[in-house]
Amino acid sequence: MSAVGTATGQLREHVATIVVAALSTLFAVTLILGTGILTAALDPALIAESGTFRLVLLMVSVIFIIIALYVGAIVTANTFATVIAGRTRIIALLRLVGATARSVRSRVAAEGLIMGALGAVVGWGLAEALAFGVTRLGPALGWLPEGREYPLFDPLSFIAVAVVALTTWAAAWVGSRRVAAVSPIAATGAVVEPRPEAARGRSGRSVWAVILIVSGCALLALGLVLGFLTPLGLFVAFLGGLASFTGIALGAHLIMPPVLRLAGRIVGRGPTGALAAANAVRYPERSARSTIGLVIGVTLVTLFAVALDSYRSMTLLAFELDPAMARALDQTLSITTGIFTGLVGFSAVIAAVGLVNTLSLGVLQRTRELGLLRTLGFTGAQVRRMIIAESAQMTIAALGLGLVLGIGYGWVAAQSLLGSQVGLAPPTVPWPVLLGVVVFGAVLAVGAAAVPARRAIRLSPVAALAAD
């Protein structure tokens with residue numbers, strides 16, 4: 001019975017890993033199959049004249065697949081880091097009886113590979129079913145031309161499945177790096193998260209984060225200046241954005257606590273709100289893991305939306321003397337903006353899964369803490385409000401930082417590309433897209449807390465205090 005319980009507990013810990021792998025594979029295989037279906041739907045004469053059409057579509061698809069894999073890898077690594085924190089006592093016991101850190105990490109990474117492969121197979125099956133439905137219903141509904149042979153299989157889809165599984169394995173290995181820091185003496189304790197002092201004390205990680213952020217900002221500024229001379233300034237700005245954003249992700253344990261404190265002033269009213277605000281910053285590592293994935297997702301969506309909208313405004317400004325060309329470009333760029341924003345938005349969905357899972361695991365690992373609160377007089381409703389407030393605080397912090405970064409990066413991208421033609425221009429903010437992001441965040445804040453809050457209020461104080 002205990003073995004079944006252990007297996008069930010481990011599967012519950014890895015639900016997000018399976019879901020993220022399934023979503024990533026669904027996205028990748030759907031894009032791969034979609035390029036084949038779209039190619040088959042177009043005029044054969046047009047395809048014959050442009051033999052690189054499918055190749056171009058695949059190259060564009062690969063960009064968005066890489067973005068989804070990048071976000072998925074971060075979410076998976078953070079999930080495994082949270083799982084390791086919850087298994088501190090078990091890992092310490094294994095170390096006590098002679099297991100090495102490498103053997104434990106290898107075991108955790110093997111779990112990642114199995115869960116990643118399982119999720120990838122599920123995602124592949126869903127993508128194949130979706131493609132089958134589209135090719136069967138599309139001609140009947142007028143979406144696709146009739147009488148064409150639409151492909152339902154592509155060997156590249158197997159490569160996508162393998163890449164997702166291997167990415168999950170690598171993310172699990174990275175996420176389990178804390179195993180080496182677990183000593184046998186920790187077998188006497190419960191869940192262990194680094195205190196703020198320990199998190200700030202990781203000087204190597206912090207120094208690299210500062211170096212990347214400073215050098216990235218310098219390259220961004222250089223790209224802006226070069227953009228007034230040549231569109232090639234975009235490449236310099238791209239390198240700067242990549243470096244600075246990597247630094248932000250690496251230094252999330254330093255950046256997110258101040259942002260969370262600011263967000264905590266919004267929700268930190270009353271005893272439950274104040275306690276939720278304190279919980280969110282008490283363990284910076286856990287808070288950073290919970291929020292950085294969503295920050296990345298929101299930043300990417302906002303970046304593409306602002307960059308493409310600003311590019312459209314600047315292009316129309318450059319063609320203001322040719323109204324016919326301006327109208328044609330406006331229509332084309334509007335469609336392109338919608339498609340690209342939707343594709344990148346899938347990464348935000350993957351990041352949202354990470355937030356929901358991290359919050360759920362956090363509640364599971366804080367069973368004794370919640371039991372103590374109930375013993376001290378907190379009602380079930382107060383505990384529920386506290387967890388919802390924590391979720392709201394993390395979501396507000398992630399949305400706020402992501403929107404600021406996305407608007408800044410998006411404007412720099414458009415300005416460095418077209419600055420030589422239109423000069424200095426302000427960013428164009430697509431308010432409907434940003435409003436959609438905010439609504440998505442509000443729904444996420446409530447939805448992410450629903451299951452953990454329900455479980456928390458069902459806890460018996462006595463049983464919770466007796467939990468390991």
Side-chain angles (χ1 to χ4, degrees), residues 67 70-71 74 209-210 212-221 223-224 227 234 237-267 277 280-281 284 287-311 313 337 340-341 344-345 347-348 351-352 354-355 391-416 424-445:
I67 291 173
Y70 175 71
V71 176
I74 290 177
V210 172
L212 287 170
I213 292 173
V214 172
S215 60
C217 289
L219 287 173
L220 284 171
L224 277 175
L234 174 64
F238 170 77
L239 293 176
L242 185 63
S244 59
F245 196 68
T246 302
I248 291 171
L250 192 62
H253 62 291
L254 299 175
I255 295 172
M256 291 311 303
V259 180
L260 285 165
R261 288 191 189 94
L262 186 61
R265 296 178 182 176
I266 300 175
V267 300
V281 297
S287 300
R289 288 197 302 265
S290 301
T291 53
I292 193 61
L294 187 58
V295 170
I296 293 171
V298 172
T299 299
L300 289 172
V301 172
T302 308
L303 185 158
F304 272 85
V306 172
L308 290 171
D309 212 49
S310 299
Y311 176 79
S313 299
T337 300
F340 279 16
T341 302
V344 179
S347 300
L355 177 62
S391 175
Q393 181 179 359
M394 292 180 183
T395 305
I396 291 171
L399 285 177
L401 182 58
L403 288 173
V404 171
L405 291 174
I407 292 173
Y409 284 135
W411 174 73
V412 170
Q415 182 64 50
S416 59
L424 184 64
T428 304
V429 180
W431 294 110
V433 175
L434 266 60
L435 179 62
V437 171
V438 172
V439 172
F440 168 77
V443 173
L444 176 63

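Residue numbers start at 1 and run along the sequence shown. Computation of the quantities below employed the complete heavy-atom set of this structure, encompassing side-chain atoms and omitting hydrogens, waters and symmetry-equivalent molecules.
Using a 4.5 Å heavy-atom cutoff, the side chains of T395 and S391 are in contact. Considering only heavy atoms from C-beta on, V298 comes within 4.5 Å of L403 through its side chain.
No donor-acceptor distance shorter than 3.5 angstrom exists from the side chain of Q415 to the backbone of L224, with no hydrogens or angles considered. Side-chain atoms of S310 do not come within 3.5 Å of backbone N or O of A307 as any donor-acceptor pair. Remark: side-chain polar atoms of W411 are not paired, donor with acceptor, to backbone N or O of V429 under 3.5 angstrom.
A donor-acceptor pair shorter than 3.5 Å cannot be found between the side chains of T302 and Y409.
In this structure, OG1 on T246 lies 8.5 Å from CG on L250, to the nearest 0.5 angstrom. Considering CG of L212 and SG of C217, their distance stands at 10.5 Å, rounded to 0.5 Å. Put simply, CG on L401 and CG on L260 are 9.5 Å apart, with the number rounded to the nearest 0.5 Å. For the atom pair CD1 (I292) and OG1 (T299), the distance works out to 8.0 Å, reported to the nearest 0.5 Å.
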- Message: The test is side chain to side chain contact (heavy atoms under 4.5 Å, CB included); show your working for S244 and L220 and say whether it passes.
- Response: CA-CA 9 Å; S244 59; L220 284 171; 3.9 Å; yes
- Please step through side chain to side chain contact (heavy atoms under 4.5 Å, CB included) for the pair M256 and V295, ending with a clear verdict. CA-CA 10 Å; M256 291 311 303; V295 170; 4.2 Å; yes
- Item | F245 and I213: CA distance, side-chain angles, deciding distance, side chain to side chain contact (heavy atoms under 4.5 Å, CB included) verdict | CA-CA 7 Å; F245 196 68; I213 292 173; over 6 Å; no
- Query: Between F440 and L294, does a side chain to side chain contact (heavy atoms under 4.5 Å, CB included) hold up when you go through it step by step?
  - Reply: CA-CA 11 Å; F440 168 77; L294 187 58; 4.2 Å; yes
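Contact detail for T428 and S313: the closest heavy-atom pair is OG1-OG, 3.1 Å. Considering all non-hydrogen atoms of both residues, V433 and A305 come closest at CG1-CB, 3.7 Å. Heavy atoms only, all atoms of each residue included: Q393 and R261 are closest at NE2-N, 4.3 Å. Heavy atoms only, all atoms of each residue included: L234 and A413 are closest at CD1-O, 3.5 Å. A209 and G247 make their closest contact through CB-O, 3.5 Å (heavy atoms, listed as atom of the first residue, atom of the second, distance). In this structure, V306 and G406 approach most closely via the heavy-atom pair CB-O, 4.4 Å.
With I407 as the partner, the side-chain contact (heavy atoms from CB on, under 4.5 Å) test is satisfied by one option alone out of V412, L434, L303: L434.
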